[in-house]
Engineer: 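I am attaching a structure below and will ask some questions about it afterwards.
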Amino acid sequence: MASSVSTLSFAFSRLNFIPKPLLSSPLKTLKWQKQLLLTARHSPLFSSPSSSFSLSSHFSTIRNCISPKYNNEKAIPVEDLVVLGIETSCDDTAAAVVRGNGEILSQVVSSQADLLARNGGVDPKMAGEAHSQVIDQVVQETLDKANLTEKDLSAVAVTIGPGLSICLRVGVQKARKVAGRFNLPIISVHHMEAHTLVARLIEKNLQFPFVALLISGGHNLLILAHDLGQYTQLGTTIDDAIGEAFDKTAKWLGLDMRRSGGPAIEELAGEGNAESVRFSIPMKQHKDCNFSYAGLKTQVKLAIASKNIDATIPISCASSQDRSSRADIAASFQRVAVLHLEERCQRAIEWALKIEPSIKSLVVSGGVASNQYVRARLNQIVKNNGLQLVCPPPSLCTDNGVMVAWTGIEQFVVGRYDPPPPVNEPEDFVYDVRPRWPLGEEYAEGRSKARSLRRVRIYPSLTSLVQASLQQQ
Ligand code: KG4
Ligand code: ZN
């Protein structure tokens, strides 16, 4: 017991909550602390009436800790905060500068599409090296495009997990270098929270609580978002994520993977007959909100073999009959993959409305949410339930720096950040990266009976860390 408590408190101390001794020392009160204290009280961002995590109570705690001499400073509105966001959790090196009012000042994404196409998937070591090669340039270009220098920033936000640790480390190292050198606070961001919250940047009226379906290459999550940092996990995948199934199907069909498999399948599916191959919908007998795509992948593989499709012949060189069988498989796969989402979303909405009857929206985000067929089908489900679909534009669904910067702003305003790191951090410094990091606690009634995965030891969820820290205040 004792050891688990100490692990947890270690985790809180590194979860961006203002260290009290620092705040109570006037000598150490820095420009960015004053800025935060003066701006956050006026934030229009967090006006969730049902919120147990109330902004005003949070800030009164902070204000009590600060020297009164700062209370007369001129307020800098939240709208004027300028946050740099850095994202390197998988195969995109991305950065963006976003203003507190949601204005995107610049964004740059350097994708590893060529590497991906050559290897047929992400190779962690190569991906890490590719991030290292371009990170400085990506951040510089982001600042240049915004017509800013580091001195104009209010804070730096960076994804610390989940993702590939070798890749996460590159972003975290860069963020800490910038923050240390320019005396800026640093904000640690959960990749899946960022995919969720970017919806609040594009839809300013999106209030907590809401339901979110997060669909990407590595994740398939249905969550109930109660508040910032507070999520209930209604469902997750018991094996592969939907994006992985799109990518493998594209590879086995010999499609051009340079834009990743999803867009290639979506395009080819437009030419095919979605009813022609009768794939079965996964997990029909399990009345929960969990997902499985491994079985569908196997069905696709068998269908490809039965039609003698040779993936070594690129689709561009295929005969018209061969092309049409590939298109039929792509369309049939896409239809069933999305039917699985539809069925799970319908149930998740029912569950979520029982827990939080005030829910009005379903957010759909993550790379796969850029698929127009996915959007159209889910829009129908949402409409049938009298809700609103909130789906970020495709460029904000796939991995990007904007979502990280924006999540940084949301956290910064409520005081979740770390002080600037030391200027010259040693090269061998052990960075806090969290490759496996759940977003929320599992909904007890939604636990899958089909769960086959061994429970691997993982980091405490973001939600449990936030809740524990709120109780400590
Ligand atoms: O969120 P994301 O950019 O990176 C991860 O966090 O994984 O998602 C990437 C995934 C890939 O599997 C890619 O094939 C898929 O999103 N994707 C799509 C589409 N665009 C990207 N899947 C289906 N249709 C699309 N148009
Ligand atoms: Zn992602």
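For ligands, and for the atoms within them, numbers begin at 1 and follow the listed sequence. Position 1 is the first residue of the sequence; numbering continues from there.
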Engineer: Taking a cutoff of less than 4.0 Å between a non-hydrogen atom of the residue and any ligand atom, is Cys90 in contact with ligand 1?
Structural biologist: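 So Cys90 does not count as touching ligand 1.
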
Engineer: Looking at Asp399, which of its N, O or S atoms is the nearest one to the Zn ion (ligand 2)?
Structural biologist: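 Nearest N/O/S atom of Asp399: OD1.
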
Engineer: Main chain of Ile242, side chain of Asn220: is a donor-acceptor contact present, judged purely on distance under 3.5 Å?
Structural biologist: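 Side chain of Asn220 to backbone of Ile242: a pair is present.
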
Engineer: Which residue owns the protein heavy atom closest to atom 20 (N) of ligand 1, what's the atom, and how far is it?
Structural biologist: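 Checking every protein heavy atom, the shortest distance to atom 20 (N) of ligand 1 gives Ser370 OG, 3.2 Å.
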
Engineer: Return yes or no for this condition: an N or O of Gly243 is under 3.5 Å from an N or O of ligand 1.
Structural biologist: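 Yes - when backbone and side-chain N and O of Gly243 are compared with those of ligand 1, one distance drops under 3.5 Å.
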
Engineer: Hey, mind stepping through Arg200 and Glu410 against salt bridge (Lys or Arg N to Asp or Glu O under 4.0 Å) and telling me if it holds?
Structural biologist: CA-CA 10 Å; Arg200 277 163 56 87; Glu410 293 235 26; 2.9 Å; yes

Engineer: Should Cys345 and Leu222 count as side-chain neighbours, where that means a heavy-atom distance under 4.5 Å?
Structural biologist: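 With C-beta onward as the side chain, the pair touches.
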
Engineer: Check ligand 1 against Ser260 and write out every atom of the ligand that is under 4.0 Å from a heavy-atom position of the residue.
Structural biologist: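 Those atoms are 13 (C), 14 (O).
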
Engineer: Which residue and non-hydrogen atom of the protein lie closest to atom 15 (C) of ligand 1, and at what distance in Å?
Structural biologist: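 In this structure, atom 15 (C) of ligand 1 has Val368 CG2, 3.8 Å as its nearest protein heavy atom.
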
Engineer: I need the nearest protein heavy-atom contact for atom 11 (C) of ligand 1: residue, atom name and distance, please.
Structural biologist: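 Protein heavy atom at minimum distance: Asp247 OD2, 3.6 Å.
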
Engineer: May I ask you to identify the nearest protein heavy atom to atom 9 (C) of ligand 1, giving residue, atom name and distance to one decimal place in Å?
Structural biologist: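 For atom 9 (C) of ligand 1, the nearest protein heavy atom comes out as Gly217 N, 3.8 Å.
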
Engineer: Taking C-beta and beyond as the side chain, do Val404 and Leu84 meet within less than 4.5 Å on heavy atoms?
Structural biologist: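 Val404 does not reach Leu84 side chain to side chain.
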
Engineer: The test is salt bridge (Lys or Arg N to Asp or Glu O under 4.0 Å); show your working for Lys125 and Asp123 and say whether it passes.
Structural biologist: CA-CA 6 Å; Lys125 192 159 174 281; Asp123 174 283; over 6 Å; no

Engineer: Return the closest protein heavy atom for atom 24 (N) of ligand 1 as residue, atom name and distance.
Structural biologist: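 Its nearest protein heavy-atom neighbour is Asn371 ND2, 3.1 Å.
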
Engineer: Measure the spacing between CG of Leu214 and OG of Ser216 and express it to the nearest 0.5 Å.
Structural biologist: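 The CG atom of Leu214 sits 7.5 Å away from the OG atom of Ser216.
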
Engineer: With atoms numbered from 1 as shown, which atoms in ligand 1 lie under 4.0 angstrom from a non-hydrogen atom of Gly218?
Structural biologist: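 It comes down to these atoms of ligand 1: 7 (O).
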
Engineer: Please determine if Thr398 has a nitrogen or oxygen closer than 3.5 Å to a nitrogen or oxygen of ligand 1.
Structural biologist: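 No, since none of the N or O atoms of Thr398 sits under 3.5 Å from an N or O of ligand 1.
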
Engineer: Just to be sure I read this right, does ligand 1 sit under 4.0 Å from the backbone of His195, its side chain, both, or neither, counting only heavy atoms?
Structural biologist: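 The side chain, only.
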
Engineer: List the closest protein heavy-atom neighbour of atom 4 (O) of ligand 1: residue, atom name, distance to the nearest 0.1 Å.
Structural biologist: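 The protein heavy atom lying closest is Asp399 OD2, 3.0 Å.
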
Engineer: Within the supplied structure, the quantity of interest is the number of heavy atoms (other residues, nucleotides, ligands) at a distance under 6.0 Å from Glu445 CD; does it exceed 12?
Structural biologist: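 Counting neighbours around CD of Glu445, 12 or fewer heavy atoms of other residues, nucleotides or ligands fall under 6.0 Å, so no.
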
Engineer: Quick check: Gly367 and ligand 1, any N/O pair under 3.5 Å apart?
Structural biologist: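 Yes; the residue has a nitrogen or oxygen that sits under 3.5 Å from a nitrogen or oxygen of the ligand.
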
Engineer: Would you mind checking which non-hydrogen protein atom is closest to atom 23 (C) of ligand 1, with the distance to 0.1 Å?
Structural biologist: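 Looking only at protein heavy atoms, the one closest to atom 23 (C) of ligand 1 is Gly262 CA, 3.4 Å.
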
Engineer: Say whether Glu266, considering both its backbone and side-chain N or O atoms, lies within less than 3.5 Å of an N or O atom on ligand 1.
Structural biologist: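 Among all N and O atoms of Glu266, at least one is under 3.5 Å from an N or O of ligand 1.
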
Engineer: Can you check the angle at the Zn ion (ligand 2) formed by NE2 of His191 and NE2 of His195? Round it to the nearest 10°.
Structural biologist: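 Approximately 90° at the metal, rounded to tens of degrees.
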
Engineer: Would you call Glu271 and Arg323 a salt bridge, taking side-chain N to carboxylate O under 4.0 Å as the test?
Structural biologist: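 Salt bridge flag = yes for Arg323 with Glu271.
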
Engineer: Dump the intermediate steps for salt bridge (Lys or Arg N to Asp or Glu O under 4.0 Å) on Asp247 and Lys251, then the final yes or no.
Structural biologist: CA-CA 6 Å; Asp247 291 337; Lys251 186 178 163 195; over 6 Å; no

Engineer: Pick out which of Leu387, Val364, Val390 makes a side-chain contact (heavy atoms from CB on, under 4.5 Å) with Val382.
Structural biologist: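 Exactly one pass, corresponding to Leu387.
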
Engineer: Is ligand 1 less than 4.0 angstrom away from at least one heavy atom of His191?
Structural biologist: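 Judged by the 4.0 Å heavy-atom criterion, His191 does count as contacting ligand 1.
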
Engineer: Under 3.5 Å, is there a donor-acceptor pair between the Gln230 and Gln467 side chains?
Structural biologist: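 A donor-acceptor contact under 3.5 Å links the two side chains.
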
